[in-house]
Structure formats: C-alpha cells, structure tokens
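Report on the following structure.
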Amino acid sequence: MAKLIKFRIDNANALTGGLGQRDVLLDVSKIESIADVGAATSVVITLSEYVGLPAALAAGAQDAGTVGGRILTLTLGNSTNQTTGNITPPAVPTVYQNMPSQSINKALTANPGGVSSQVQLALDGDGVRGVDSQMYFVQAAFSSSNVI
C-alpha cells in the first residue's frame with residue numbers, strides 16, 4: 001500500500017488554491033473513515049489526528065468538547081469549470097463500485113510499496129459511457145469538529 005493518497009482538485013474557477021489544478025496529499029495511516037455525503041455530492045474523510053478547539057475553550061465549554069478531529073471534505077462536480085456556490089453535482093452513481101468512497105478505497109489498496117496513489121473517480125449515473133459524465137473533485141476543505 002502506498003504511503004500517501006493523492007486527490008487531484010480540478011477546478012478552473014476555484015477561489016482557493018491558486019486557481020486551477022492542485023493536489024491534496026494525505027498520509028494513508030491517518031485515515032479513519034470515508035463516507036459519501038449528500039447523494040454523492042461530496043466525500044468526507046475523517047482523520048485520526050486530534051486538534052484543540054480554542055473557540056470552545058473561550059466559550060467556557062467542558063474539557064471533553066475542546067478536542068476535535070480533523071476532517072477533509074472533497075466536493076464533487078461533473079465539470080472542471082465550476083464556480084463556488086454554483087457547482088453542478090454529478091448524478092448519483094447507480095453502481096456502488098462507482099461511488100466516490102469506493103474509488104478512494106481502491107486507491108488505498110493500489111501501488112503496493114509505492115510512495116503515492118492517485119484517486120481516479122468513475123462515471124456518475126449508471127456508468128454507461130456516452131450517457132454519463134466523468135466525476136471530478138472540484139473543492140477540498142480541511143476543518144475540525146468535536147462531534148466525531
């Protein structure tokens with residue numbers, strides 16, 4: 001298994017990341033869970049890293065609520081020319097192997113002994129070429145949450 005997993009963000013109109021393409025690399029040993037969210041419009045990856053939440057401390061929260069986990073949310077689109085707030089989501093894949101989370105799982109087990117493995121998304125809808133669209137990661141955002 002590769003040591004890093006790479007997510008290629010393809011978005012010509014991205015407001016963050018210097019516009020255009022960029023890669024997001026994750027240490028595969030830090031991935032705890034992968035889940036498709038909102039009819040496969042995004043993928044949420046929960047990491048095994050914990051961070052302090054200073055805003056919770058400032059609000060006088062209990063100690064247990066001041067520690068949170070790191071989350072990477074990857075938004076999907078059916079075009080590489082998506083404007084923030086107007087992203088056209090892909091059609092929900094009807095073949096479970098085409099779900100974005102499954103593409104990530106495949107990349108996690110690929111490239112044994114290699115340094116990195118890139119996630120290649122499948123087609124949306126029922127996966128029939130000529131009818132369905134290629135899915136792309138169009139946004140990536142790291143966040144922290146104390147509800148994981």
Side-chain angles (χ1 to χ4, degrees), residues 1-53 55-56 64-148:
M1 174 165 71
K3 297 184 185 309
L4 300 169
I5 187 165
K6 179 170 36 174
F7 301 94
R8 183 177 178 168
I9 309 302
D10 289 316
N11 192 344
N13 288 316
L15 297 178
T16 60
L19 299 175
Q21 297 176 338
R22 71 185 198 278
D23 292 333
V24 174
L25 293 170
L26 285 182
D27 181 342
V28 297
S29 67
K30 303 288 185 188
I31 296 174
E32 276 193 3
S33 67
I34 303 165
D36 295 299
V37 178
T41 58
S42 62
V43 178
V44 173
I45 301 172
T46 304
L47 305 175
S48 62
E49 299 203 341
Y50 297 96
V51 295
L53 299 175
T66 62
V67 176
R70 296 293 290 162
I71 297 170
L72 171 62
T73 302
L74 298 161
T75 304
L76 285 89
N78 64 1
S79 165
T80 60
N81 193 19
Q82 306 281 307
T83 58
T84 301
N86 294 315
I87 294 173
T88 304
V92 178
T94 57
V95 179
Y96 82 90
Q97 294 98 332
N98 290 355
M99 292 298 285
S101 63
Q102 297 306 305
S103 296
I104 295 170
N105 285 333
K106 288 176 192 172
L108 284 172
T109 59
N111 196 12
V115 175
S116 71
S117 183
Q118 181 167 323
V119 176
Q120 175 60 47
L121 291 170
L123 299 176
D124 66 359
D126 62 12
V128 178
R129 276 209 191 273
V131 177
D132 297 315
S133 301
Q134 177 67 45
M135 291 187 287
Y136 301 95
F137 293 118
V138 295
Q139 286 183 338
F142 282 94
S143 61
S144 298
S145 172
N146 64 348
V147 294
I148 58 173

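Only heavy atoms go into these numbers, but all of them, side chains included; no hydrogens, no water, no symmetry mates.
- Closest of all the heavy-atom pairs between I5 and L108 is CD1-CD2, 3.8 Å.
- Looking at residues two or more places apart in sequence or on another chain, you find a side chain to side chain contact (heavy atoms under 4.5 Å, CB included) between Q118 and K6, R8.
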Q: Go through the steps to decide whether F137 and D10 satisfy the test side-chain contact (heavy atoms from CB on, under 4.5 Å), and finish with yes or no.
A: CA-CA 6 Å; F137 293 118; D10 289 316; over 6 Å; no
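- The distance from the CG atom of L47 to the CD1 atom of I31 is 7.0 Å, given to the nearest 0.5 Å.
- Residues meeting the ring-ring contact (aromatic ring centres under 6.0 Å, His included) test with Y136, sequence neighbours left out: none.
- For the side chain to side chain contact (heavy atoms under 4.5 Å, CB included) test, residues two or more places apart in sequence or in another chain that qualify with T73 are S42, V44, I71.
- Qualifying side-chain hydrogen bond (donor to acceptor under 3.5 Å, both in side chains) partners for S33, counting only residues two or more places apart in sequence or in other chains: T46.
- The line from CD of Q139 to CG of L74 is 10.0 Å long, rounded to the nearest 0.5 Å.
- Every residue two or more places apart in sequence or in another chain that forms a side chain to side chain contact (heavy atoms under 4.5 Å, CB included) with S133 is listed here: N78, D124.
- Take S101 and apply the side chain to side chain contact (heavy atoms under 4.5 Å, CB included) test, not counting sequence neighbours, and it matches I34, D36, M99.
- Closest heavy-atom contact between G125 and D132: CA-OD1, 3.7 Å.
- Partners of K106 under the salt bridge (charged side-chain N to carboxylate O under 4.0 Å, His left out) rule, at least two apart in sequence or in another chain, do not exist in this structure.
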Q.
Evaluate I45 against F7 for side-chain contact (heavy atoms from CB on, under 4.5 Å), listing each step before the verdict.
A. CA-CA 12 Å; I45 301 172; F7 301 94; 3.5 Å; yes
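- Taking D23 as the reference, nothing meets the side-chain hydrogen bond (donor to acceptor under 3.5 Å, both in side chains) condition, with sequence neighbours excluded.
- We find the OG-CG distance between S117 and L25 to be 11.0 Å, quoted to the nearest 0.5 Å.
- The two atoms that bring V119 and A107 nearest to each other are CG2-CB, 3.8 Å, heavy atoms only.
- To the nearest 0.5 Å, the span separating CD on Q97 from OG on S103 amounts to 10.0 Å.
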